[in-house]
6 protein chains.
Amino acid sequence: MASKPAAVIGIYPGSFDPITNGHLDMIGRASRLVDRLIVAVLRNERKQPLFSVDERRQMLAEAVGHYPNVEIDSFEGLLVDYAAAQGARVIFRGIRAISDYEYELQMALMNRRLRPEIEMVFLMAGEAYSFISSQLIKEVVNLGGNVAGLVPEAVERRLKSRLLGSG
Amino acid sequence: MASKPAAVIGIYPGSFDPITNGHLDMIGRASRLVDRLIVAVLRNERKQPLFSVDERRQMLAEAVGHYPNVEIDSFEGLLVDYAAAQGARVIFRGIRAISDYEYELQMALMNRRLRPEIEMVFLMAGEAYSFISSQLIKEVVNLGGNVAGLVPEAVERRLKSRLLGSG
Amino acid sequence: MASKPAAVIGIYPGSFDPITNGHLDMIGRASRLVDRLIVAVLRNERKQPLFSVDERRQMLAEAVGHYPNVEIDSFEGLLVDYAAAQGARVIFRGIRAISDYEYELQMALMNRRLRPEIEMVFLMAGEAYSFISSQLIKEVVNLGGNVAGLVPEAVERRLKSRLLGSG
Amino acid sequence: MASKPAAVIGIYPGSFDPITNGHLDMIGRASRLVDRLIVAVLRNERKQPLFSVDERRQMLAEAVGHYPNVEIDSFEGLLVDYAAAQGARVIFRGIRAISDYEYELQMALMNRRLRPEIEMVFLMAGEAYSFISSQLIKEVVNLGGNVAGLVPEAVERRLKSRLLGSG
Amino acid sequence: MASKPAAVIGIYPGSFDPITNGHLDMIGRASRLVDRLIVAVLRNERKQPLFSVDERRQMLAEAVGHYPNVEIDSFEGLLVDYAAAQGARVIFRGIRAISDYEYELQMALMNRRLRPEIEMVFLMAGEAYSFISSQLIKEVVNLGGNVAGLVPEAVERRLKSRLLGSG
Amino acid sequence: MASKPAAVIGIYPGSFDPITNGHLDMIGRASRLVDRLIVAVLRNERKQPLFSVDERRQMLAEAVGHYPNVEIDSFEGLLVDYAAAQGARVIFRGIRAISDYEYELQMALMNRRLRPEIEMVFLMAGEAYSFISSQLIKEVVNLGGNVAGLVPEAVERRLKSRLLGSG
């Protein structure tokens, strides 16, 4: 049983289409637990994202770029292969609902099979963010609802501009 | 947003009455994520444990005492106060079932309220250990069942001796 | 803390594509709890409904139009904005499965954020209707199964006519 | 299908040992939905409550006695029989976790069997209160933790006095 | 992979304190799937049952004794050891709620570890019985409620006599 | 209450696109419980399967064709109608996650309504297979991951050939 190495690198992967205040809360928590945290945007063209990978990276950079030990990156392919290539030992995931939990459990067991040396680590979302998801945010903006306080201000402006043609 | 400090201390609390192979799996995983891991036995006289705190600490020491960055301790009172007194930043918890998850979520939110600077971190139990609990192990031994492979050998001997009067 | 006003208006929203006996049960229960109940059909063209909004309103009118304090309406946009425009204080939702519950919880917290003065209220479906959904009804009819007793007779005839080309 | 009568009476039952801010939130929400709300303390000697029924009623009266349409009462026996004796049409319950939901579903179906004319109605607890229960509050106070903001101030003083012998 | 033997024996274990109509429904279903079904009453003195093992066996015999391939028995110790001693290949369990499911899953995996040749098989309770448990039945009778239609008539009489001193 | 007939026929339905080791485990368990087990591939063109029904039947035949009491078939239309036409009394389903369980419960109650004489019977997947699904297997192969040990070798080769153009 080897002990912990000098520097622990963690990955916080996601679509971030767009980043929400719930994601920001998770990044803050995770960044305090590792030496270096890589926030990694999944490239997945089939999902027809609202924002391009570059736009998502830019919104992330505006929101957390000043954290001293946080970097923004993007990836495609198997998450655990990307993590191994980065020398990461930890992958952070947030869990809110039971259905999240089940999907995450299935993925964690598969990932453990593929790369047993990388640990999936789960943080619980703050209760103030338990109902926020990028998908729901987009639906609410699309129907004319107000999402101030649920996403960073710059993200709110981009959402309105993209979805409502104003801004 | 402060970055990670030089050394991260983690707590893995529990009753460990007695330690199982599922606990051992968790301790191995958690020890690779922090600089120092304290396995902390809860003193709770009202729960009428099968083994005393000293016996439980001894079984833990036999099983994981040789890990270079793992220590055994015991505590009473609020878990987050104990963690703060140890300078710990992380408390590890294993989750298996949905009902675990709900209880853990409730405790995590309360702990965050009491000590926001300490993070509850969840690891998923390996699928081979998903059905093992100290309580079920004791019930099976009590009814004459075989728990070899589910607890360390020394624990199996102590269980038989304590519950069945043999050994 | 203001007390209850003279007349409470409730909304029971849904797709009702088509109405089932489970919906009828819910409308009966909800109508006894408020002064006026508005059954509100969601206009959502993207979901490619089997029946048009007008057809769905007609089937609802045939089934519950004679209830003295029940009205049929349709809406688009944010549910809570529609409810506020109607002067409604309560939105009724039925819950059956755990997965319903999670989605409903997320929506209820978002709706509370958007319009704190409107209350989401949950009624549990009768056990005889716990397995009925509009979607499953359509699948069963499509495969030649018999749904008598699960939807009103007029709805059964329309389903057969629309899906099987008979009547 | 009879329509709603002139005045709707609702019951909000519980142990309230002691009342928490989560209960207060529920009472506020429920009181806006009915003409008269009876907060009903369950007498159950077998549960060995921390506070007597009289003490619990007094704490409730201090917290919500000024609401114009809220009354405090206590009961024993079947909840639905008590509700029927009061002329109530609605019983309010708060749900937080999935396990709450399952128990509540079982009770709702049994109650419907016993008294089909009384409706169980569920409100979702605000996310700020999702982790608060009377039981957890008592455990935290007992271990020296701070529950300010989770219960009314007068309740906090009584809890300290009863559990810690100070005040 | 051996094929099925000439005669399959199944066990339906439980406390049956007392038998409910939900148990009866399960016994009917299970008896059609095996050559011989043994309904096995668990002897567990620590649980302080309302009815003795002999009384529970008698109530079962009155309710299902006439089924041609059903027998009544009782057991103590490990369920899988009892099943093996009977030459049973199948143990039937009914599942209703999610929490049942989790406990049953844990037990099934432990039983598979102890006796891999015995299969745990799950049947879903009919929706009409989804809210009935022996425990809830006893509570309702104790508080003066009517359980006609939820248990056999002879059981209803015994419950009233035992709990209310009448009958 | 009729007793069990001379020969029990069971159906194990699924998409099997493709068969996994989890399916194999289920077929082995189910085949020991009935006289004849029919593994039935669902024809559903709308789901855009990776392998044709013939390919899926061939992979099944290679994997379980030598079991003495197992046959491979395919069907379309209502599952319970197909089962009735085969003279089957039992339909086997495996359950892993809670979300599986809910969907299965809904289907089981609908099927019971359609054909009360056919029993849905649930077996729990072995813990080693709890994270394997045909869908996840395809995603992992598509992203270059290794699924050896999760599907039969012949299936692994076909997956690579179909998805990666190698073999």
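These numbers come from the heavy atoms of this one structure, side chains and all, not from hydrogens, waters or symmetry mates. Lettering of chains follows the sequences in order, A, B, ..., and the numbering in each one begins at 1.
- Considering only heavy atoms from C-beta on, A:Ile27 comes within 4.5 Å of A:Tyr67 through its side chain.
- Screening A:Arg56, A:Arg158, A:Arg57, A:Arg157 for a salt bridge (charged side-chain N to carboxylate O under 4.0 Å, His left out) involving A:Glu62 leaves a single residue, A:Arg158.
- Proximity to chain A is limited to the backbone of B:Met120, based on heavy atoms less than 4.5 angstrom apart.
- No other option in A:Arg93, A:Met124, A:Glu117 has as many heavy-atom pairs under 4.5 Å with chain B as A:Met124.
- The candidate with the highest count of non-hydrogen atom pairs below 4.5 Å against chain B, out of A:Val121, A:Leu37, A:Val64, A:Val70, is A:Val121.
- Under a 3.5 Å cut-off, the side chain of A:Asn111 and the backbone N or O of A:Val80 do not form any donor-acceptor pair.
- Paired with B:Ile137 under the rule side-chain contact (heavy atoms from CB on, under 4.5 Å), one option of B:Ile19, B:Asp17, B:Leu150 passes, and it is B:Leu150.
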